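The figures here come from the full heavy-atom set of this structure, side chains too, leaving out hydrogens, waters and symmetry mates. From a predicted model like this one, the values you see are computed outputs, not experimental measurements. Just follow the structure's listing: the first ligand is 1, and inside any ligand the first atom is 1.
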Amino acid sequence: MSDVVLRLSGLEKVYNRGLESEVAVLKGADLALAKGEVVALVAPSGAGKSTLLHMAGLLDTPDAGEVEIGGAVMSGLGDRRRTIARRRDVGFVYQFHHLLPEFTALENIVLPQLAAGVARRAAEARAMELLDEVGIAPRAAHRPSAMSGGEQQRVAFCRALANAPRLLLADEPTGNLDPATSDQVFKALTGLVRGTGLAALIATHNLDLAARMDRTVRLEDGRVVAGA
Ligand SMILES: Nc1ncnc2c1ncn2[C@@H]1O[C@H](COP(=O)(O)OP(=O)(O)OP(=O)(O)O)[C@@H](O)[C@H]1O
């Protein structure tokens, strides 16, 4: 069996900004991510990092090209089956944590599991395990407003991994944090990824963090190229 978790082949995306102004953001982007790999996606602002992550995460469809997750071709799926595949296979983390403010850390990690049909007790046990792995089990009963930015972001990682996806996509996950906190959060993230064998693609402007991932890819003129 192939070890490739995510394969993007020849992705193209053109945005129409109205009044005959079009911008081609992806122009044949190819990328393959193997199981257990943590890959940095680095590019200047506006180069198309979020666009690529949205395609990879089945939140948007390319104009051309294929997205394969776990060997299954996703491009031809209808909305309902794409949503099912996204919920099952992909975890997202954004620059801002987007935790539900009225729920505790634990509940924020339990809720997506309940939505996926997991029983409450099992969901709570899994949530505690994840919180423990990222070093914030003592914060389980805190609401987001009673946690630091780094703690909130670690909860967001746990939530993204709650349903054991194959692929983690993160868009500037430490962009909002100071360097020391960002370092801690990054360690928590890589620990989780390496412990589970999923693949992670992490868009970042932080070249120090990028250098600590397994490899770095860049988006250059709409294509993915290897490099620092
Ligand atoms: N829905 C949209 N409609 C029109 N243009 C868009 C749309 N989404 C993105 N763009 C344009 O496509 C280009 C790539 O955007 P994208 O958000 O993917 O870049 P990025 O590399 O993630 O940037 P940043 O690092 O600033 O987040 C930008 O020029 C942006 O203005």
message = Would Ser50 count as being in polar contact with ligand 1, using the rule that some N or O on each side must be under 3.5 angstrom apart?
response =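 Between Ser50 and ligand 1 (N or O atoms, distance only) the closest approach is under 3.5 Å.
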query = Any nitrogen or oxygen of Ser45, main chain or side chain, under 3.5 Å from a nitrogen or oxygen of ligand 1?
reply =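 By distance alone, the answer is yes.
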key: Passing candidate, side-chain contact (heavy atoms from CB on, under 4.5 Å) with Val134, options Leu130, Ile136, Asp132   =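 Of the listed options, the one satisfying the test is Ile136.
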query = When you look for heavy atoms under 4.0 Å from ligand 1, do you find them on the side chain of Pro44, its backbone, both, or neither?
reply =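 Only the backbone of Pro44 comes within reach of ligand 1.
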[atom] [closest protein heavy-atom partner, distance rounded to 0.1 Å]:
atom	answer
atom 19 (O) of ligand 1	Gly48 N, 3.2 Å
atom 31 (O) of ligand 1	Arg17 NH2, 2.9 Å
atom 15 (O) of ligand 1	Thr51 OG1, 3.9 Å
atom 23 (O) of ligand 1	Gly46 N, 2.8 Å
atom 25 (O) of ligand 1	Lys49 NZ, 2.8 Å
atom 9 (C) of ligand 1	Tyr15 CE1, 3.3 Å

At a 4.0 Å threshold, what atoms of ligand 1 neighbour a non-hydrogen atom of [X]?
X	answer
Val25	12 (O), 13 (C), 14 (C)
Ala47	19 (O), 21 (O)
His205	25 (O)

ask   = Any side-chain heavy-atom pair from Leu192 and Glu133 closer than 4.5 angstrom?
value =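 Leu192 vs Glu133: side chains touch.
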request  = Could you tell me the separation between the CZ atom of Phe103 and the CD1 atom of Ile109, rounded to the nearest 0.5 Å?
outcome  =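 It comes to 13.5 Å.
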query = CZ of Arg82 to CD1 of Ile69: how many Å apart, nearest 0.5 Å?
reply =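 Here the rounded value is 9.0 Å.
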query = Would you call the rings of Phe92 and Tyr94 parallel, tilted or perpendicular if under 30° counts as parallel and over 60° as perpendicular?
reply =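 Rings of Phe92 and Tyr94: parallel, under 30°.
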ask   = Take atom CG in Asp79; do more than 12 heavy atoms of anything else shown fall under 6.0 Å from it?
value =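 It does not: Asp79 CG has 12 such atoms or fewer within range.
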query = Taking everything shown except Arg215 itself, do over 12 heavy atoms lie less than 6.0 Å from its CZ?
reply =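 For Arg215, atom CZ is crowded (more than 12 foreign heavy atoms under 6.0 Å).
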message = Between Arg159 and Asn108 (side chain of the first, backbone of the second, donor and acceptor by atom type, cut-off under 3.5 Å), is there such a pair?
response =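 Not at all, since once roles are kept as given, no pair shorter than 3.5 Å links the two residues.
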